[in-house]
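Notes follow the structure.
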Amino acid sequence: MNAANPADRITATVRADIRVLTAYPVPPAADGIKLDAMECPYALPDAVRDDIARAVRETALNRYPPGDPTALANEVRQAFGIPPQAGLLFGNGSDELIHLIVQACCQPGDTVLSPWPSFVYFDMAARFDHARFVGVPLTADLQLDLPAMLQAIAQHRPKVVFLALPNNPTGGLWPDAAVQAILDAAPGLVVLDEAYQPFAGHSWMPRLPELPHAVVLRTVSKIGLAGLRFGYLAGHPDWIAEFDKVRPPYNLNVLTQAALRAVLRHKPVLDGQAARLRADREPLADSLAALPGVTVYRSAANFVLARFSGKPGGNAVHLALKTRKILVKNVAGAHPLLADCLRISVGTPDENRALLSALQDILSSN
Ligand SMILES: *Cc1c(COP(=O)(O)O)cnc(C)c1O
């Protein structure tokens, strides 16, 4: 055997459940129209970029990030309407905060539960942190199955329940009464993941002070700052203090902090971009629904899920779009309920038009 080949040592050393995994798929950057990752299609205006440049220039890179990010915390509270009573924790993306929650709550074998399909990282983080993940299937029309959720909560007694509100990849926003029933039934913590809240016009954040066993998770990734890697978690200070204990020191780098503070001085720019995407969502959904063989699921997020059950089906449509340099996400392989489904981010008006005309072409040429 080649002495430089570590295969045997890896087999003997790395966890078997990690070896069988494939890494989270991040497609290579490609030119063309990118509608596959729920990014904001709009670049920041020059005035904001100038402020970011100035803030970065004044940042001392030879020092560790400050231990007490009070100034940033005040600005984040102000910008995102976080109740004054709530504690606040920052993460290198909200993905990191998902890990911290599972690490702090779960002994090996404890259960993490979520409606399913939902955000794949709930499942991944649970497994990496030795928890057991239980996904409770949505209904055939991709809605929350509340009786099944309540039954699963009673059966598995999950330490942590994750609810993506709106849900990714289906786009639906679970009704308040159903979420409240889950909050009432869950024996542990309920994480309300509001990654797409700016597009939903709905939030649990103002009700947080009356929810002692829930935390609200947010990110700036979907509102134009995906490259920054910043997420925040709000909840009762006693919950937050526990999660803070497993946070890697200095997890939030100084450049992210400096750039975020500069951008938040221009918060109306972010709000305007979100409002634009929200206004463009229904026309896009309606146009997609008018195509032959296409079912569109109503979305409260910055993307729509569409099922291509005619000829050609979802996989072929995905490839045909790719050939035309239009990237959307094929989620068919993620769950049987998502057969033939493509998840499409709302783009600029030009991008949406290009997508629709390509789809018309693809669906009529068959
Ligand atoms: C995109 C997404 C996130 C992850 O956001 P990052 O802050 O970029 O890590 C979290 N939750 C849901 C439901 C998402 O779709």
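When a ligand or atom number is given, it counts from 1 through the structure's own listing order.
- Classification of the Trp239-His213 ring pair by plane angle, with boundaries at 30° and 60°, yields perpendicular.
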Chi angles and distances behind the ring pair (Phe, Tyr, Trp, His ring centres under 6.0 Å) call for Phe90, Phe230: CA-CA 7 Å; Phe90 297 147; Phe230 177 79; 5.1 Å; yes
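- Taking the six-membered ring for Trp and thresholds of 30 and 60 degrees, Tyr121 and Phe128 have ring planes more than 60 degrees apart, a perpendicular arrangement.
- Residues Pro166 and Ala200 approach most closely at CG-CB, 3.8 Å, considering heavy atoms.
- Proximity of Tyr121 to ligand 1 is not established, as no heavy-atom distance is less than 4.0 Å.
- Within the 4.0 Å heavy-atom criterion, both parts of Ser94, backbone and side chain, lie near ligand 1.
- Using a 4.0 Å cut-off to heavy atoms of Asp95, the atoms of ligand 1 that qualify are 4 (C), 9 (O).
- Atoms of ligand 1 found under 4.0 Å from any heavy atom of Gly93 (numbered from 1 in listed order, with element): 7 (O), 9 (O).
- Residue contacts with ligand 1, taken as heavy atom pairs separated by less than 4.0 Å, involve Asp193 solely via side-chain atoms from C-beta onward.
- Interatomic distance, Ile240 CD1 to Leu233 CG, rounded to the nearest 0.5 Å: 4.0 Å.
- Residue contact check for ligand 1: Lys222 places a non-hydrogen atom closer than 4.0 Å to it.
- In terms of protein heavy-atom proximity, atom 15 (O) of ligand 1 is nearest to Tyr196 OH, 2.6 Å.
- The number of heavy-atom neighbours closer than 6.0 Å to CZ of Arg19, taken from other residues, nucleotides and ligands shown, is above 12.
- Atoms of ligand 1 lying under 4.0 Å from at least one heavy atom of Arg229, given by number and element, are 6 (P), 8 (O), 9 (O).
- Listed by number with element, the atoms of ligand 1 under 4.0 angstrom from any heavy atom of Ser221 are 6 (P), 7 (O), 8 (O).
- For atom 7 (O) of ligand 1, the closest non-hydrogen atom on the protein side is Thr219 OG1, 2.5 Å.
- Relative orientation of the Phe199 and Tyr196 rings is tilted, given thresholds of 30° and 60° on the angle between their planes.
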